[in-house]
Each structure stands twice: as structure tokens, then as C-alpha cells.
Amino acid sequence: MSLKQDLFRRPAASWRTWSFTLVCAALSACGGAVEADAEATAPQLVAREDSLANVRLRLMAANISSGTGQDYNPGHGIRIFQGTDADVVMIQEFNYGTDSAADIRSFVDTAFGTGFSYYREGGAQIPNGIISRYPIIAAGEWDDTQVSNRDFAWARIDIPGPKDLWAISVHLLTTSSSIRNTEATNLVKFINANVPASDYLVIGGDFNTGSRSEATFSTFSSVVSTASPYPADRNGNTNTNASRGSPYDHVLVDSDLRAYQTAVVIGSSSFAGGLVADTRVYSPISEISPALSGDSGASGMQHMGVIKDFLIPGDGTTASSVTVLSPNGGESWVGGSSHTITWSSSGVTNVKVEYSLDGSAWTTLTSSTGASGGSVAWTVPSSASTNAWVRVSDASNTAVSDLSNAAFAITTGGSGGTGNVFINEVLLNEPGSDVNGEFVELVNSGTAAVDLSGWTVSDSTGVRHTFASGTSVAAGKAVVVFGGASGIPSGTTGAVAASTGTLGLGNSGDTVTLKNSAGTAVDTATFASSLAGTDGVSANRSPDASSTGSFVLHTSVSSLGSSPGKRASGTAF
């Protein structure tokens with residue numbers, strides 16, 4: 001793995017004067033592979049256009065190998081690739097068949113199409129790579145000094161429009177957050193030395209990050225945007241590892257490309273911040289056929305694919321645009337108060353205005369109003385939120401849209417505090433055989449009480465409980481929903497029985513979702529069998545009562561098997 005960092009450093013204007021054959025020959029010398037034959041013989045690729053001015057670009061990070069060989073031989077990942085139809089994929093564990101050029105080409109043809117190009121780093125046990133609908137005009141690898149069996153794979157891609165895209169495929173080390181930050185620091189140095197500021201940039205892949213507060217993201221933020229909204233699955237879960245408890249996988253782009261981000265639209269489904277492709281919860285699964293519902297749960301499938309879409313200006317055109325001006329992130333507006341949503345626009349006649357309380361589910365404020373007016377009055381909803389957003393779109397082409405640059409808050413209560421209700425503890429496998437003992441504990445870690453009237457708790461089958469009118473949870477307190485009244489332990493405060501008569505949680509794993517009275521997902525958690533297989537032992541946040549904590553067995557945070565309505569230690573909230 002020599003000839004890495006300075007390969008093809010040329011002024012931007014001279015890139016397309018170089019022979020693609022020369023690129024391939026140079027890369028072959030260092031053990032890499034770029035498919036030149038596909039470039040010469042395939043029919044001209046047609047850009048997927050959403051309007052005359054714009055081209056939809058779908059970027060995907062994917063460490064979705066399965067089985068025991070860290071490869072794509074079993075076929076689960078292939079079906080997910082086929083069903084999600086990405087344009088550029090930053091792939092990890094890029095092994096297939098014998099790893100011969102013929103076998104890798106066969107994999108790309110099957111999973112993506114005969115017109116796709118690829119680069120795969122050479123000499124690596126679990127190589128990173130780039131697969132692209134559009135021509136790869138240069139590619140190579142940069143040293144990852146912290147790991148011996150892969151490096152940082154990069155490709156410069158001739159996407160539609162006046163700018164090229166630099167795609168970098170990474171697979172950071174699991175050992176520690178400090179090592180991952182060292183890897184990020186080194187990669188940023190390579191990017192600053194080699195990637196022209198005038199081009200687009202995406203870093204994608206398996207970061208192995210336990211939380212979004214790791215220093216890795218602060219380091220990467222100097223070259224790409226690490227801000228929310230984050231991609232999520234059908235239930236609003238933004239985590240990406242197999243148990244869906246940690247944000248391992250990411251697609252991060254620079255500010256130039258971030259300005260063109262748009263919702264991922266598949267069939268009749270739309271994912272505002274991007275999609276975490278978990279086939280176990282995707283519905284209807286037919287939208288991503290031939291993927292099967294069990295593919296993401298296959299043995300050895302340790303990650304979910306992550307997808308973001310962008311609507312970029314095409315060749316020789318100027319894109320229509322809208323820009324949200326207010327609220328644009330960081331505001332704190334009181335529920336029930338009157339405010340004005342404002343925007344600027346170009347080439348747009350009418351706009352659609354929407355808001356979200358969680359960055360996932362959207363409520364329409366107006367389906368069409370004159371774009372030139374630049375504002376619309378809004379009575380802020382009374383539901384507390386720390387993750388509220390506004391989106392303004394072209395009413396005739398919702399792919400032309402813009403979000404607030406960051407989340408803003410909606411507060412409730414005379415004190416101006418904010419509630420924050422989340423799933424803290426779930427007992428899926430009741431003690432003995434009395435399913436009335438199953439429970440879901442909700443905690444409010446905020447500074448104001450939250451009205452739970454009309455809120456619902458669901459499992460993967462459907463709604464199991466609807467909170468009665470007048471139900472609330474005070475700041476710093478908990479409420480617990482049990483499968484049945486007979487299962488509520490004596491002295492448990494804030495406990496109610498499921499309104500449907502059961503919670504119906506699965507001992508082999510399940511997904512629990514909390515929604516507010518507007519039907520917006522407030523929190524969701526997917527539990528693997530390892531968290532549901534022990535009688536009487538619940539899954540609990542670690543740290544306890546932390547909305548960002550991962551779920552672990554209760555016995556990992558306390559000597560108790562469960563603690564409904566109490567802290568993990570058994571003390572009162």
C-alpha cells in the first residue's frame with residue numbers, strides 16, 4: 001500500500017485532460033482497482049432529475065456485510081443495496097467471492113448495475129471502497145496509522161454539475177474514542193492537503209462511535225457538518241448498530257453540499273433527515289424490494305446502512321432555492337405564543353411551510369403560500385420540544401427545500417422550563433409467566449411538567465397504551481405503563497395499566513415507540529434478544545435516566561433486576 005496521499009494532485013482545471021486509463025494503471029500499481037472497462041463500454045449514465053435544474057444525488061454509508069467472513073457473499077447486503085438505489089456508496093468490509101477482479105465486478109454489477117464504477121483499496125483484510133453511478137476520475141488510499149487491516153479509501157467523482165465530489169470511505173477502530181479521534185485528526189490533515197475547497201466532500205462509513213458527543217465529531221466538524229437532523233429509521237431511531245443503541249455509521253458532508261440536502265424519498269415514504277435502513281422496521285418493505293424484512297437482522301450484520309439525499313444543480317443550470325431565516329436554530333419559543341416564520345427564495349412561486357417537534361414527523365402549516373411574501377404567522381404548538389424544526393419547500397417541487405440550520409426549543413409552563421420525556425427502562429421478559437408484569441418506564445429529565453394526554457406507547461405490532469386526559473409527568477419524575485393492573489408492584493408510584501389490556505412485548509426482542517398526542521415520535525428504542533432473554537431482568541439506560549444513554553441489562557447498572565418507577569439503584573426519583 002504505497003503511492004497514497006499525493007496521487008493525482010493537479011489543478012482542478014486539468015483533471016479531465018488526464019487519461020482515465022493512466023489513472024487505472026497508476027492505481028493498479030498500488031494494489032487498488034478502478035473499473036475502466038465499465039467506463040468505456042457502458043451506455044451514458046442518465047442523471048436522476050427532479051426538475052430541469054436539479055439532480056438528486058443519493059449518498060450511502062454501508063458496512064452491511066453478513067455471515068462470519070466479513071463479506072457480502074450471503075446476499076443480505078446485496079438486497080439492501082438493490083432496494084435503496086444509492087448513487088455513491090462508501091462501503092466497508094468490501095469482500096466478495098475470492099476477491100478477484102472478476103468477482104468484485106460481479107458483485108458491483110449485481111448489487112448496483114453494470115454502469116457503476118468502483119475503487120477498492122488493495123492489500124487490506126477488510127478493505128474500504130467507493131462505488132459510484134458516476135465516473136470515478138481519480139482514487140487512492142491514505143494511511144490509517146491506528147489500524148493494520150484497512151486505510152482511508154477516497155475517490156474523486158465527476159457528478160453532474162460544475163463541481164466534483166470527493167468521497168472518503170472510513171472504518172474507524174473500536175478500541176477507544178481517543179484512538180478514533182486520532183484517526184479523525186489524521187484524516188482531516190489529508191483532506192486539507194488534498195481536497196480542493198471548491199469541490200464537494202463527503203466522509204462516510206463505520207465510525208464505531210458510541211455517542212455523538214465523542215471528540216471525533218468535533219474534529220470532523222472542521223471539514224464537514226456534524227449537526228442534526230440525523231438520519232432515522234421508520235420509528236425515528238437514529239442509532240445504527242445491530243442492537244440500535246449507538247450511532248456507529250454516518251454520512252457527513254461539507255457545508256456546500258449540506259445546503260442542498262433534501263428528504264430521502266422512497267416510494268410514498270419520506271425521511272426528512274435521511275434514512276437509517278433497518279429492514280426489520282421498514283414498512284412497507286415492498287418499497288425497498290428485493291430487500292427482505294429479516295436482512296438487517298441476519299447473523300453477522302452488525303450495522304445499518306445510512307442514506308442522505310441531495311438536490312444539486314445540474315450541468316449548465318441554476319437551481320431554484322429557498323432558505324429558512326427564522327427560526328433558524330437556538331431559539332426558545334413558548335408554546336401558544338405567536339411568532340413569524342420567515343424565508344428567502346429564488347425561482348420559486350409558492351412555498352409549503354411545515355414544522356416538526358422531533359426532526360422526523362412533519363405537520364403542514366400551509367400547503368401553498370406566495371414565496372415572495374417571505375413570511376407566515378405561526379401560533380407555536382403547546383407540546384414541549386428541544387428538537388423542533390421548520391421546513392420551507394417549493395410547493396410544486398418539495399425536493400427544493402430548506403430546514404432551520406439547527407434545532408430550536410418549545411417550552412411549556414409558566415416557568416419557561418422545558419420537559420424531556422423518554423423511554424428509560426423496559427421489561428420485555430416478565431418474571432415467571434405473568435405478562436401483566438411487563439412494563440415501560442418513561443422519565444422526564446426536563447425542568448417542566450409534560451402533559452401526556454393522548455400520548456401513546458407502541459410495540460412493533462401497534463399501539464398498546466394511550467394515556468388518559470389529564471395525565472402528566474412532573475420534572476425529574478417517572479411514569480410506568482404495566483401490561484396489566486395485577487402486575488403493578490405494591491407501592492409503585494406513577495404506575496398505570498396498559499389501556500389495551502397488554503403490552504405484548506417479545507421475549508426475543510421488540511421495538512418500543514413513544515408518540516405525543518399529535519402522533520409525532522418522541523422516542524423509540526429497539527431491543528435485541530440479548531436484552532429480552534432473561535426472566536425478570538429489564539433493559540435500562542446507562543447512565544440511568546439519561547436520554548442519550550444506551551440500553552443495557554439492568555444488572556449491569558445495579559444489583560437489582562429491575563426498578564419500575566424508581567432510579568436503577570432503587571431510590572426514588
Side-chain angles (χ1 to χ4, degrees), residues 58-84 86 88-96 99 104 107-108 111-112 118-121 124-132 141 144 146-155 167-175 179-180 183-184 187 202-210 212 214 216-217 220 230-231 233 237-252 274-280 288 291 295-308 526 528:
R58 176 163 295 170
L59 305 181
M60 182 177 189
N63 185 3
I64 53 175
S65 62
S66 58
T68 59
Q70 293 181 296
D71 57 46
Y72 290 85
N73 296 346
H76 308 100
I78 290 176
R79 287 192 291 268
I80 295 171
F81 285 134
Q82 291 171 332
T84 52
V88 176
V89 176
M90 289 136 285
I91 186 172
Q92 291 78 55
E93 301 183 3
F94 192 180
N95 293 313
Y96 185 73
D99 288 337
I104 296 298
F107 164 76
V108 174
F112 302 97
Y118 74 86
Y119 170 75
R120 178 178 182 268
E121 64 167 313
Q125 177 204 355
I126 46 174
N128 295 316
I130 315 288
I131 300 170
S132 173
E141 59 189 86
D144 183 347
Q146 303 302 300
V147 62
S148 61
N149 61 359
R150 71 264 190 182
D151 286 311
F152 306 123
W154 62 268
I168 303 173
S169 179
V170 304
H171 188 173
L172 304 185
L173 200 58
T174 59
T175 304
I179 288 180
R180 287 190 288 274
E183 292 176 291
L187 180 55
V202 57
I203 304 171
D206 173 9
F207 291 15
N208 276 310
T209 41
R212 289 188 171 86
E214 280 196 16
T216 298
F217 295 101
F220 277 143
Y230 306 118
D233 67 12
N237 189 346
T238 61
N239 293 322
T240 68
N241 63 334
S243 65
R244 304 304 310 283
S246 299
Y248 280 9
D249 307 88
H250 307 270
V251 174
L252 304 179
L275 171 64
V276 175
D278 186 344
T279 62
R280 296 170 294 183
I288 55 173
D295 283 343
S296 294
S299 176
M301 180 78 73
Q302 299 177 355
H303 303 264
M304 305 297 110
V306 176
I307 295 171
K308 288 183 180 179
T526 297

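- Here Tyr72 pairs with Phe81, Phe107 under the ring-ring contact (aromatic ring centres under 6.0 Å, His included) rule; sequence neighbours left out.
- Between Thr240 and Pro247, the closest heavy-atom pair is OG1-C, 3.8 Å.
- For the pair Arg120 and Asn95, the minimum side-chain heavy-atom distance is below 4.5 Å.
- Looking at Val170 and Glu183, their side chains never come closer than 4.5 Å, going by heavy atoms from C-beta outward.
- Between Tyr119 atom OH and Ser132 atom OG the span is 15.0 Å, to the nearest 0.5 Å.
- Although no hydrogens or angles enter the test, the distance criterion places a donor-acceptor pair under 3.5 Å between the side chain of Arg150 and the main chain of His171.
- Atom CG in Asp144 sits 9.0 Å away from atom CG in Asn149 (nearest 0.5 Å).
- A side-chain contact (heavy atoms from CB on, under 4.5 Å) with Tyr118 is found for exactly one of Ile91, Val89, Ile131, namely Ile131.
- Rounding to the nearest 0.5 Å places CD of Gln92 at 9.5 Å from CD1 of Ile126.
- Of the inter-residue distances, the one linking Leu172 atom CG with Thr216 atom OG1 reads 6.5 Å to the nearest 0.5 angstrom.
- Contact detail for Ile130 and Ala167: the closest heavy-atom pair is CD1-O, 3.5 Å.
- Between His303 and Tyr248, the two ring planes are tilted [angle within 30° to 60°].
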Val202 and Val88: side-chain contact (heavy atoms from CB on, under 4.5 Å), yes or no, with the steps? CA-CA 10 Å; Val202 57; Val88 176; 5.6 Å; no
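- Taking the six-membered ring for Trp, Phe220 and His250 have ring centres at least 6.0 Å apart.
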Yes or no on side-chain contact (heavy atoms from CB on, under 4.5 Å) for Thr279 and Ile288, after CA distance, side-chain angles and deciding distance? CA-CA 9 Å; Thr279 62; Ile288 55 173; 4.1 Å; yes
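- Taking both residues in full, the closest heavy atoms of Phe94 and Asp99 are given as O-OD1, 4.4 Å, listed atom of the first, atom of the second, then distance.
- For Glu141 against Trp154, the heavy-atom pair with the smallest separation is N-NE1, 3.4 Å.
- Only one option out of Leu59, Asn128, Ile168 pairs with Met90 in a side-chain contact (heavy atoms from CB on, under 4.5 Å); it is Leu59.
- Taking 4.5 Å as the limit, every side-chain heavy atom of Ser246 sits out of range of all side-chain heavy atoms of Thr209.
- Looking at every heavy atom in both residues, Asp233 comes nearest to Arg244 through OD2-NH1, 2.7 Å.
- Of all heavy-atom pairs between Gln82 and Ala111, the closest is CG-O, 3.5 Å.
- Put simply, OG1 on Thr84 and CG on Leu275 are 8.0 Å apart, with the number rounded to the nearest 0.5 Å.
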Using atom types as modelled, flag every donor-acceptor pair under 3.5 Å from a side chain in residues 60-70 to any protein atom, sequence neighbours excluded.
{"residue": "Asn63", "atom": "ND2", "partner": "Asp206", "partner atom": "OD2", "Å": "3.0"}
{"residue": "Ser65", "atom": "OG", "partner": "Glu93", "partner atom": "OE1", "Å": "2.4"}
{"residue": "Ser66", "atom": "OG", "partner": "His76", "partner atom": "ND1", "Å": "2.8"}
{"residue": "Gln70", "atom": "NE2", "partner": "Glu93", "partner atom": "OE2", "Å": "3.4"}

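- Using a 4.5 Å heavy-atom cutoff, the side chains of Glu214 and Phe207 are not in contact.
- From Ile80, atom CD1 reaches atom CE of Met304 across 7.5 Å, with rounding to the nearest 0.5 Å.
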For the pair Asp278 and Met301, evaluate side-chain contact (heavy atoms from CB on, under 4.5 Å) and give the outcome as yes or no after the intermediate values. CA-CA 11 Å; Asp278 186 344; Met301 180 78 73; over 6 Å; no
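- Partner of Tyr96 under the side-chain contact (heavy atoms from CB on, under 4.5 Å) criterion, out of Val108, Asp71, Ile78: Ile78 alone.
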Would you sort out whether Asn208 and Leu173 count as a side-chain contact (heavy atoms from CB on, under 4.5 Å), showing the intermediate values? CA-CA 7 Å; Asn208 276 310; Leu173 200 58; over 6 Å; no
